[in-house]
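Only one structure is covered here, and it is reproduced in the block below.
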Amino acid sequence: MAQQEDNLLKKIISHAKEYGFIFPSSEIYDGLAAAYDYGQNGVELKNNIKAYWWKAMVQLHENIVGIDASIFMHPTTWKASGHVDAFNDPMIDNKDSKKRYRADVLIEDHIAKIEAKIAKEVSKAAKRFGDSFDKDQFVATNQRVLGYSEQIDSINNQMKTAIESDNLSDLKTLIEELGIADPVSGSKNWTDVRQFNLMFSTELGSLAEGANKIYLRPETAQGIFVNFLNVQKSGRMKIPFGIAQIGKAFRNEIIARQFIFRMREFEQMEMQFFVKPGEEIEWYDRWKENRIKWHKILGLGEENYRFHDHLNLAHYANAACDIEFNFPMGFKELEGIHSRTDFDLKAHEEHSGKKLQFFDPQENKNYVPYVVETSIGLDRMFLAIMSASYVEETLEDGSERTVMKIPAALAPYKVAVLPLVKKDGLPEKAREIIDELKLDFNCQYDEKDAIGKRYRRQDAIGTPYAVTVDHQTLEDNTVTLRDRDSSNQERIDISTLRSRVSELVSITRLLKQL
RNA sequence: GCGGGAGUAGCUCAGCUGGUAGAGCGACAGCCUUCCAAGCUGUAGGUCGCGAGUUCGAACCUCGUCUCCCGCUCCA
């Protein structure tokens, strides 16, 4: 089974390349790890996904508006958001077990062991002294406990100094002096401590001396938070309201793999919804429901989705879950829905000195709104659609076809117009038809090779409908409309073609179900 | 970053003990053909991932390097 799934991912990667969906970045130079380019068909699919999301969020909600914030942001943004501290981890590897640990966590675990010793002393003493036991006094006077406490303080100080001054070799020395062993193997054979900063940085300003270090945003959310007041004031928005954004984000992942699932440059579709404090859980639940519906309407299979509730919440959240999708490599995060409390806006208030509050006329008071976030990885959504759509079918006559059953509304091309043969005026008639259709739909024209082969080509890129012009067309102005998934054909009048196709492939049809 | 596997035409792969680089499919042009990868003719496309070394001679042997896949790790 696992092997089958691996094969599926491989097949999708290979199909994506062969049919112009996704190419490895700078491939002629051997590629660049974990960077991919969207090709001629990929970009169409990607744009359609964006359109479906944007319409569902912005167009359908009168209290949600969009923005497009800059990728570069003031460096203080990332101090406020916590990324400068939290995205900066000192890591150390054990050479024997090949396990990697955060150096500070190893030291903290060691401290926890000493604390456990103190606790043991305390409980022993408590037994000895019975009811007359004064814990605070014991801790303050017992020589052994005092010794442990001193150890802890000393280790903490050394660790803090080392981390704050970015002195990684001191950190390693500390680990060695404490005799910290790999919890798995017991080995003390450590590599040097290395800093992993997940944010990409660059210099702003052309002169190196005057240059300021700035970061490529590791998430799009902060662009929304810093514009909270701008949008609220200029758009006369009233709580509850949302701000949506589609844009690139960058993370220098230690390991970026699994095709476009984890890339260092990726695109997010995020919506931050600002609510009255105390109502956030109610809205969190509503957005969970709304978002899963958005996914299921696409028809990729309801069994391919599940919620995963977070038990360990991030520092800013009071509720969080993922919508997971059944990718070829198993169920993995596709979208996150987080109740971020007022953490971000408050942090930006503190760092900027600006009030980021909403005056509630009903309550007649100001407050910092709470935030419910929905954040979906566009590239992951792309992969989800590719993997759920890829089908190898054996036909009745025993031949095989590979068909991308991409939801019609998202397919790169909506219609292929095909003259049955390349003579008798059929190509001319087909051109007439496509000239009309291309005003509304992304169309393809193809007259090369036998008709069956042309159908298969369209199947491979997921074109949901094919219009075939035959000799009867010249007589009565009718064509056949072939359905990609069933291969069934219906004969319809050319004059009804546009409305018929529109009905089948429009995003509107999906939106109505939301 | 560590360990394992792999890299030859657009794709799937063959290529013997080191001796001038191959097939099928696909692509392109044309012929033929009235509905699901038919047939015929022709064409294009590879310094065998890259770089060094050994050798008279390297796709093949050695070393290095890059990229991809799997596992570990990480994942706001």
Side-chain angles (χ1 to χ4, degrees), chain A residues 2-3 5-7 9-11 13-15 17-20 23-36 81-83 85-87 89 91-102 184 191-192 194 196 198-199 218-219 221-222 249 251-259 261-262 268 270 310 312-317 320 322 329 332-333 336 338 340 343-344 373 375 377 393 395-397 399-403 418-424 426 448-460 466 468-474 479-480 482 484 486-489 491:
Chain A
Q3 204 179 357
E5 285 165 354
D6 292 348
N7 287 342
L9 184 60
K10 276 184 186 164
K11 279 179 179 172
I13 293 169
S14 149
H15 191 87
K17 188 191 162 194
E18 191 167 3
Y19 289 94
F23 309 120
S25 165
S26 16
E27 197 187 8
I28 61 167
Y29 294 109
D30 282 335
L32 180 67
Y36 291 90
S81 68
H83 285 84
D85 299 325
F87 252 25
D89 297 330
M91 307 293 289
I92 190 166
D93 289 4
N94 186 279
K95 288 179 187 167
D96 296 320
S97 68
K98 309 295 180 200
K99 296 270 181 194
R100 168 170 297 163
Y101 300 93
R102 276 178 57 172
V184 176
T191 63
D192 287 342
R194 280 160 301 188
F196 286 90
L198 259 51
M199 281 199 291
E219 65 174 23
Q222 299 305 326
R251 286 182 202 170
N252 200 358
E253 300 279 356
I254 301 164
I255 296 171
R257 251 198 243 142
Q258 283 166 326
F259 197 34
F261 185 81
R262 177 166 290 122
Q268 294 183 306
E270 286 200 334
H310 289 200
N312 296 327
L313 295 171
H315 55 277
Y316 55 75
D322 297 334
M329 57 282 186
K332 299 264 186 177
E333 179 184 354
H338 301 154
R340 293 179 77 128
F343 176 88
D344 299 278
E373 163 191 86
S375 171
E393 280 182 352
L395 304 176
E396 283 173 14
D397 64 359
S399 67
E400 288 192 357
R401 72 162 182 167
T402 301
V403 49
L418 316 169
L420 187 58
V421 290
K422 202 169 37 176
K423 60 177 187 183
D424 304 335
L426 298 188
K448 174 73 183 163
D449 294 317
I451 190 72
K453 195 178 235 177
R454 284 179 272 162
Y455 288 144
R456 299 299 165 85
R457 276 204 280 262
Q458 296 302 326
D459 289 342
T468 307
V469 174
D470 56 17
H471 290 90
Q472 193 183 329
T473 308
L474 300 178
V479 291
T480 59
R482 171 193 184 262
R484 173 195 66 200
S486 64
S487 296
N488 290 338
Q489 288 176 298
R491 184 163 278 277

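Here the structure is a predicted model, which is why all the values come from computation and not from measurement. Here is the naming used below: chain letters follow the sequence lines, and residue numbers restart at 1 for every chain. Side chains included, hydrogens not; waters and symmetry mates left out as well; all remaining heavy atoms used.
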Residue pair A/Thr468 / A/Tyr455, side-chain donor-acceptor N/O under 3.5 Å: yes
Residue of the set A/Arg401, A/Arg484, A/Arg454 for which salt bridge (charged side-chain N to carboxylate O under 4.0 Å, His left out) holds with A/Asp459: A/Arg401
Rounded distance (nearest 0.5 Å) linking atom CZ of A/Arg482 with atom CD of A/Gln489: 7.5 Å
Rounded distance (nearest 0.5 Å) linking atom CG of A/Leu420 with atom OG1 of A/Thr480: 8.0 Å
Aromatic contact, A/Phe259 with A/Tyr36 (centres under 6.0 Å): yes
Parallel, tilted or perpendicular: rings of A/His338 and A/His310 (30°, 60°): tilted
So which nucleotide from [options] ends up closest to the side chain of [X]?
{"X": "A/Tyr455", "options": "B/C36, B/C70, B/A38", "result": "B/C36"}
{"X": "A/Leu420", "options": "B/C70, B/C35, B/A37", "result": "B/C35"}
{"X": "A/Lys453", "options": "B/C69, B/C35, B/A27", "result": "B/A27"}
{"X": "A/Lys10", "options": "B/C69, B/A37, B/U33", "result": "B/C69"}
{"X": "A/Ser14", "options": "B/C11, B/C35, B/C36", "result": "B/C11"}
{"X": "A/Asp449", "options": "B/A27, B/C36, B/A76", "result": "B/A27"}
{"X": "A/Asp470", "options": "B/A37, B/C75, B/C35", "result": "B/C35"}
{"X": "A/Arg251", "options": "B/C36, B/C35, B/A76", "result": "B/A76"}

Have a look at [X] and say if it touches a base, only the backbone sugar-phosphate, or nothing, with a 4.0 Å heavy-atom cut-off.
{"X": "A/Tyr36", "answer": "sugar-phosphate"}
{"X": "A/Ala466", "answer": "nothing"}
{"X": "A/Ile451", "answer": "sugar-phosphate"}

Applying a 3.5 Å limit to both distances, which nucleotide forms a Watson-Crick or G-U wobble pair with [N]?
{"N": "B/C2", "value": "B/G71"}
{"N": "B/U17", "value": "none"}
{"N": "B/C28", "value": "B/G42"}
{"N": "B/U34", "value": "none"}
{"N": "B/G7", "value": "B/C66"}
{"N": "B/C61", "value": "B/G53"}
{"N": "B/U47", "value": "none"}

If we take the [atom1] atom in both [N] and [M], what is their distance in whole Å?
{"N": "B/G7", "M": "B/C50", "atom1": "P", "value": "13 Å"}
{"N": "B/U47", "M": "B/G57", "atom1": "P", "value": "22 Å"}
{"N": "B/A23", "M": "B/A9", "atom1": "C1'", "value": "11 Å"}
{"N": "B/C68", "M": "B/A58", "atom1": "C1'", "value": "25 Å"}
{"N": "B/G5", "M": "B/A44", "atom1": "P", "value": "41 Å"}
{"N": "B/A37", "M": "B/C31", "atom1": "P", "value": "22 Å"}
{"N": "B/G45", "M": "B/C28", "atom1": "P", "value": "16 Å"}
{"N": "B/A6", "M": "B/C61", "atom1": "P", "value": "12 Å"}

For the side chain of [X] and the base of [N], is some donor closer than 3.5 Å to an acceptor across the two?
{"X": "A/Thr480", "N": "B/C35", "result": "yes"}
{"X": "A/Arg454", "N": "B/C36", "result": "no"}
{"X": "A/Gln489", "N": "B/C35", "result": "yes"}
{"X": "A/His83", "N": "B/A76", "result": "yes"}

Residue closer to the 5' end of RNA chain B, A/Phe259 versus A/Glu18 (nearest nucleotide): A/Glu18
Residue whose closest nucleotide on RNA chain B lies nearer the 5' end, A/Glu333 versus A/Ala34: A/Ala34
Salt bridge A/Glu393-A/Arg456, side-chain N to carboxylate O under 4.0 Å: no
Salt-bridge present (A/Lys332, A/Asp322; N to O < 4.0 Å): no
Nearest-angstrom distance from the residue atom CG of A/Asn252 to C1' of B/U73: 15 Å
Whole-Å gap separating C1' (B/U73) and CZ (A/Arg262): 11 Å
Respond yes when some side-chain nitrogen or oxygen of [X] is under 4.0 Å from OP1 or OP2 of [N], and no when none is.
{"X": "A/Arg457", "N": "B/A27", "result": "yes"}
{"X": "A/Lys17", "N": "B/G10", "result": "no"}
{"X": "A/Lys448", "N": "B/C28", "result": "no"}

